[in-house]
Amino acid sequence: MRYFLYARKSTDEEDRQILSIQAQITEVLEYAKKEKLEIVREFIESRTAKAPGRPVFNEMISLLEHGKAEGILAWHPDRLARNSMDGGKIIYLVDKEVIKDLKFPTYRFDNTAQGKFMLSIAFSQSKYYVDNLSENIKRGIRQKIRNGIHCGPAPVGYLNDTKTRTVVVDKNKAPLLKKMFELYAAGNYTLERLADTMNSLGFATQMGNKLRISKCQQILTNPFYYGLLSYWGEHFEGKHEPIITKKLFDRVQIVMRQRGKPQSKNTKYFVFKGLMRCGVCGAAVTAEIQKGHHYYHCTRKLSPCKDKSQKFVREEALAQQIKDYIQKVSLRDDWLENILRELDKDKERFSQSSLTHLQNLQNRIKEIDAKINKLIDIYLQGSLSLEEYNLKKNELVNLKKDLQEKSGDFADEGNNRFEQARRFVTTLNEGSYALREGNLESQKEFLKKIGSNCILKERRLNFSTEGTFRPVLEAVPYHSWWSWGESNSRPPRCERDALPTELQPQKISLCGIS
């Protein structure tokens with residue numbers, strides 16, 4: 001009788017496949033030699049038998065049906081089939097005497113009614129093993145997710161740690177990813193422009209590809225980046241380190257909902273468009289290109305600008321005016337360090353007053369944990385549908401995340417009285433960076449912080465209403481805070497008096513000023 005030898009291994013690791021298959025062949029050949037069996041061909045396959053569709057196995061069955069052999073020789077029945085279709089096919093061919101014999105070194109088969117019955121049980125056991133293994137793996141994955149551990153490839157901005165089997169922050173991409181959220185939250189970027197900007201900064205996906213619009217949207221809507229896992233419509237608290245805050249994520253979602261239809265690809269981009277209104281009629285200021293330069297002017301849709309009396313102003317001239325405004329309030333690095341150091345000292349003296357509020361937040365977090373546990377019990381009792389359970393749990397998890405961030409703000413920043421001054425001087429320092437980089441987009445964003453309701457009149461940019469930093473612009477008697485000299489120098493009394501109220505040396509001391 002002629003036999004086909006069949007050997008199979010399902011693992012994805014090539015070295016383990018080769019070793020296991022070779023071991024099977026060696027054992028089977030020794031058995032064939034002992035039993036004096038004629039092997040006419042060997043079939044070797046590295047593919048799972050969980051589902052039908054193995055090409056090598058199907059080829060072997062086809063040759064058996066054409067009479068090229070009468071039996072199969074394999075290490076064990078589970079090498080032939082782990083699914084009901086392939087197992088049933090073999091038993092059917094045995095019934096039709098297409099397959100007259102099956103030989104296994106580890107299993108005895110007799111071509112009788114009882115033998116075929118036992119073979120069907122062996123195939124069923126093999127299928128049960130695969131199904132049970134799959135369920136165990138899925139159950140383990142579900143438990144890991146409930147414990148806050150991400151399963152699978154890490155999202156862009158994170159890396160898989162093979163030692164701990166967790167995800168860690170990618171120190172190279174995380175700052176760029178956070179910048180991506182911040183740019184979009186400002187409301188001035190379409191997804192297309194955001195993708196182009198991030199690509200110009202060297203941002204790439206996990207596969208090294210350029211960032212596309214669809215990937216941009218996927219990243220901006222993924223709660224993973226503020227510390228949550230989202231599976232099966234349910235949120236879980238993640239153990240990984242967040243890259244952004246939930247506040248920033250929520251701002252991004254609001255902007256995304258409000259943006260509406262994306263801009264046309266043919267739309268020209270003008271950096272200062274939308275920033276100003278006409279100082280004469282109040283209409284919007286538009287822009288156009290003339291001889292390769294960007295020019296801004298009133299749309300002239302309202303009186304008294306219909307007579308086209310308002311002249312055009314070049315983008316370079318506007319950029320210089322914005323630069324002059326920023327120079328008046330920008331704060332250099334050494335003074336920023338001194339001011340922040342003194343603020344930290346004063347904050348420590350007042351930190352005790354925040355402990356009570358912090359304790360209240362912690363108590364509320366514990367209450368939410370108790371509600372989540374109670375909600376799970378109610379769901380398990382069958383009193384809630386899965387949809388109702390997920391909706392309520394997601395609401396509680398997000399509320400808990402909000403409280404945790406508020407608690408963290410208190411722990412990290414201390415009293416809000418000093419945090420306001422910290423943000424103020426840090427923002428002033430951002431102006432110096434915007435000037436050094438020469439990025440008009442950054443300078444425009446900084447201008448929005450130091451004023452509001454910008455108007456353009458007679459080619460001059462002005463603020464028609466008071467902005468956050470308006471008093472500084474009007475009162476500062478010097479061209480730039482950089483002119484204070486060396487880091488250990490002290491500004492003249494007139495310059496110190498021009499500081500905003502938060503920085504006046506009335507109750508706190510800054511940089512040695514008393």
[X] bridged to [Y] by N-O distance under 4.0 Å:
X	Y	result
R193	E441	yes
E288	K273	no
E395	K400	no
E45	R8	no
K246	D250	yes
D110	R108	yes

Problem set entry | Any side-chain donor near an acceptor of the partner, S385 and E388, under 3.5 Å |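 Indeed, the side chains of S385 and E388 share at least one donor-acceptor pair under 3.5 Å.
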Problem set entry | Donor-acceptor pair between N398 and Y226 side chains, under 3.5 angstrom |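 Result is yes, a qualifying pair exists.
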Exercise. Angle class for the F249/F181 ring planes (parallel below 30°, perpendicular above 60°, tilted otherwise)?
Worked result: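 Tilted: the ring planes of F249 and F181 meet at 30° to 60°.
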Problem set entry | Reported CD1-to-CG distance for the pair I339 and L428, which is rounded to 0.5 angstrom |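 Rounded to the nearest 0.5 Å, the CD1-CG separation comes to 8.0 Å.
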Exercise. Measuring from T106:OG1 to D78:CG, what's the distance to the nearest 0.5 Å?
Worked result: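 T106 OG1 to D78 CG: 7.5 Å, rounded to 0.5 Å.
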Problem set entry | pair E30-K33: side-chain heavy atoms closer than 4.5 Å |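 Side chain of E30 against side chain of K33, heavy atoms only: no contact under 4.5 Å found.
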For this session: Check whether any side-chain heavy atom of L64 sits under 4.5 Å from a side-chain heavy atom of I72, and report yes or no.
Result: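 Yes; the side chains approach each other to less than 4.5 Å.
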For this session: Report the residue from F57, Y6, F4 that forms a ring-ring contact (aromatic ring centres under 6.0 Å, His included) with F43.
Result: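 Testing F43 for a ring-ring contact (aromatic ring centres under 6.0 Å, His included) against F57, Y6, F4 leaves exactly one candidate, F4.
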